[in-house]
J.: 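To start, I am sharing the structure in question, which I have written as structure tokens.
This one's a predicted model, so the numbers in the text were calculated from it and none came from an experiment.
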Amino acid sequence: MAEVKEFTLPDLGEGLTEAEVVRWLVEVGEVVAVDQPVVEVETAKAMVEVPCPYGGVVTARYGAEGEELAVGAPLLTVAVGADASAPAAAEGSGSGGADGVVAEADGADAAEDGGAGETSGAVLVGYGTGAPPARRRRVRPTPVPAAAAGQVNGVASGYGRHAVTPEVPVRAEAAEPAPGPVPVISPLVRRLARQNGVELRTLTGSGPDGLILRADVERAIGAAGAPAAAAEPSAAAASARAGDAGEVRIPLRGVRGVVADKMSRSRREIPEATCWVDVDATELLAARRAMNAAGGPEAPKISLLALLARICTAALARYPELNARVDTEAREIVRLERVHVGFAAQTDRGLVVPVVRDAHARSAESLSEELGRLTGAARDGSLTPGELTGSTFTLNNYGVFGVDGSTPIINHPEAAMLGVGRIVPKPWVYEGELAVRQVTQLSLTFDHRVCDGGVAGGFLRYVADCVEQPAVLLRGV
């Protein structure tokens, strides 16, 4: 006898309480295996695929794509049992359930895909671990009486406010096979197309092997006369509505909502101050070129951001007051022994801050490698919650946007953030003569509760000295 089990949105860790459904990976009536990913969700930290801890036939899905669900809310129901290929309602013909779900996998029992004894091998809060996943098979629904159309496998498809009612075909023959998947670079691009009524199958992708890029969808939106605001990442990620005065309202949720909350809290709680200095970065650029040349053509290149991160860790060793946080309840300053450097990264999902763990124990080459890995993961949305939390100091290179200076908002609950502007050739007095040098501006925003201007100024001056004369770092080697 089949048993219908409900799978709820699990606790994805790091205190997350909700997630947005980006894309369903299974259909109602499909056979799923234990630990098979069934839905892709976007949390405030990252985009993740959620595996189902049960194996059997999907009987209902809850939550439309683009909708936000709370942790613990139903995601889907699965008919699990010795004969999962048959509808759960088949235990009694008078139950009103569908009775024509037939497996399409070599006539084998669908129980192989998830019997009652199978448990999940994925670590999900609230679900156990156990047997490895079985293979995946699809099922083909057959017609049911109109009176039974409201139930699937003995479970009312309208259960819950967000339940998705499965469609039942009119004829008994197998439906024509659906066209193959459209190659799209990311689920966010797919959602942007859906929200603006763009049919992806009509587009010719400009990416490798015809891959459809965000630019392809935006061109189609523009050609259709869609509002320009619809192509913005923030509007594409939110359900916007126009008001009487023509305004557009965009809900603050997901990554943007978390950024808004953290920045607001930072400004409310932290009495911050900013100091800045212009520095000659010519020698630092020359040192980077020499390092990369010494490594040979096959060696990984050391990035400028890695050198700046290495300088920051050396400065924090001299001025540990800035590697700290304030415990407001205990009215204590908590100095931290380990340095975890966060760095601001702009992505299609908004601003994220990946974290390089134990940056103080890494060389410039190790820092460069880890920064590159985290940057790639940030761009494709594969960062884990653990890689986005726990920083003790943040480095913000806003020079990549072509700006010279800024007054950064501290990444709460840290005590300081260093901002770096663009490096541009400027007239500079060098060794008593006017010369054209590569100049940048450094700005340090610090929590005035953990230190006074003398400490902050000393930290910034040391960083500036290392940028102007990288040999200064050798004193601490």
J.: Closer than 4.0 angstrom, basic N to acidic O: yes or no for Glu370 and Arg357?
T.: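 Salt bridge absent between Glu370 and Arg357.
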
J.: Please check if the side chain of Asn292 supplies one atom and the backbone of Arg289 the other of a donor-acceptor pair under 3.5 Å.
T.: no

J.: Write down the atom of Leu395, the atom of Ala309, and the distance for their closest heavy-atom approach.
T.: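 Closest approach of Leu395 to Ala309: CD2-N, 3.8 Å.
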
J.: Quick one, Asn396 and Val420 - any side-chain contact, counting heavy atoms below 4.5 Å?
T.: no

J.: We want to know whether Thr77 and Tyr54 form a side-chain donor-acceptor pair, criterion being a heavy-atom distance below 3.5 angstrom.
T.: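 Result is no, nothing qualifies.
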
J.: When you look at Gln441 and Ser406, which way does the side-chain contact (heavy atoms from CB on, under 4.5 Å) test go after all the steps?
T.: CA-CA 9 Å; Gln441 184 181 94; Ser406 175; over 6 Å; no

J.: Test side-chain contact (heavy atoms from CB on, under 4.5 Å) on Phe459 and Cys275 and set out the steps.
T.: CA-CA 11 Å; Phe459 174 93; Cys275 52; over 6 Å; no

J.: Classify the side-chain pair Thr274/Ser443 by whether it contains a donor and acceptor separated by less than 3.5 Å.
T.: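 No pair is found: no donor N or O on one side chain lies under 3.5 Å from an acceptor on the other.
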
J.: Do Val355 and Phe343 come within less than 4.5 Å of each other through their side chains, counting heavy atoms only?
T.: no

J.: How about Arg422: does its CZ atom have over 12 heavy atoms from other parts shown lying under 6.0 Å from it?
T.: yes

J.: Does this structure show an ion pair linking Lys301 with Glu365, if we count only N-O contacts that are shorter than 4.0 Å?
T.: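 Salt bridge flag = no for Glu365 with Lys301.
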
J.: Near Trp276 CH2, under 6.0 Å, is it more than 12 heavy atoms from other residues, nucleotides or ligands?
T.: no

J.: Apply side-chain contact (heavy atoms from CB on, under 4.5 Å) to Leu284 and Ile311, showing your working.
T.: CA-CA 11 Å; Leu284 181 65; Ile311 290 172; 4.3 Å; yes

J.: Are the side chain of Ser366 and the backbone of Ser363 linked by a donor-acceptor contact shorter than 3.5 Å?
T.: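 Not at all, since once roles are kept as given, no pair shorter than 3.5 Å links the two residues.
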
J.: What I'd like to find out is whether the side chain of Leu76 reaches to under 4.5 Å of the side chain of Val38, using heavy atoms alone.
T.: yes

J.: Look at the side chain of Glu218 and the backbone N and O of Ala215, then say whether any donor-acceptor pair between them is shorter than 3.5 Å.
T.: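 Here the side-chain-to-backbone pair does not exist.
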
J.: With a 4.0 Å cut-off on N to O distance, would you call Arg461 and Glu468 a salt bridge?
T.: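 So Arg461 pairs with Glu468 through a salt bridge.
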
J.: In terms of side-chain geometry, is the basic nitrogen of Asp327 or Arg331 positioned less than 4.0 Å from the acidic oxygen of its partner?
T.: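 The answer is no: the pair does not qualify as a salt bridge.
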
J.: Does the side chain of Val50 come within less than 4.5 Å of Pro10's, by heavy atoms?
T.: yes

J.: Are Ser206 and Arg219 side-chain neighbours, meaning at least one heavy-atom pair lies under 4.5 Å?
T.: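 Ser206 vs Arg219: side chains touch.
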
J.: To the closest 0.5 Å, what do you measure between SG (Cys312) and CG (Leu307)?
T.: 11.0 Å

J.: Passes salt bridge (charged side-chain N to carboxylate O under 4.0 Å, His left out), Arg362 versus Asp358? Steps please.
T.: CA-CA 7 Å; Arg362 294 176 179 267; Asp358 295 318; over 6 Å; no

J.: Among Lys426, Arg437, Gln469, find the one that has a side-chain hydrogen bond (donor to acceptor under 3.5 Å, both in side chains) with Asp280.
T.: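 So, applying the side-chain hydrogen bond (donor to acceptor under 3.5 Å, both in side chains) to Asp280 and each of Lys426, Arg437, Gln469, only Arg437 qualifies.
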
J.: With side-chain contact (heavy atoms from CB on, under 4.5 Å) as the criterion, how do Glu387 and Leu374 come out once you've worked through the C-alpha distance, each side chain's angles and the decisive distance to 0.1 Å?
T.: CA-CA 8 Å; Glu387 292 172 328; Leu374 291 171; 4.1 Å; yes

J.: Going by atom types only, do Glu414 and Thr392 share a side-chain donor-acceptor pair under 3.5 Å?
T.: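 Checked: Glu414/Thr392 side chains show no N/O donor-acceptor pair below 3.5 Å.
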
J.: Between Glu283 and Arg288, is the closest basic N to carboxylate O distance under 4.0 Å?
T.: no

J.: Where the side chain of Ser266 meets the backbone of Lys262, is there a donor-acceptor pair that is under 3.5 Å apart?
T.: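 No, the answer is negative, given that no donor and acceptor are paired below the 3.5 Å cut-off.
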
J.: Determine whether the side chains of His412 and Glu269 contain a donor N or O and an acceptor N or O closer than 3.5 Å.
T.: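 Short answer, yes.
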
J.: Dump the intermediate steps for salt bridge (charged side-chain N to carboxylate O under 4.0 Å, His left out) on Arg449 and Glu321, then the final yes or no.
T.: CA-CA 10 Å; Arg449 297 172 297 179; Glu321 297 91 336; over 6 Å; no

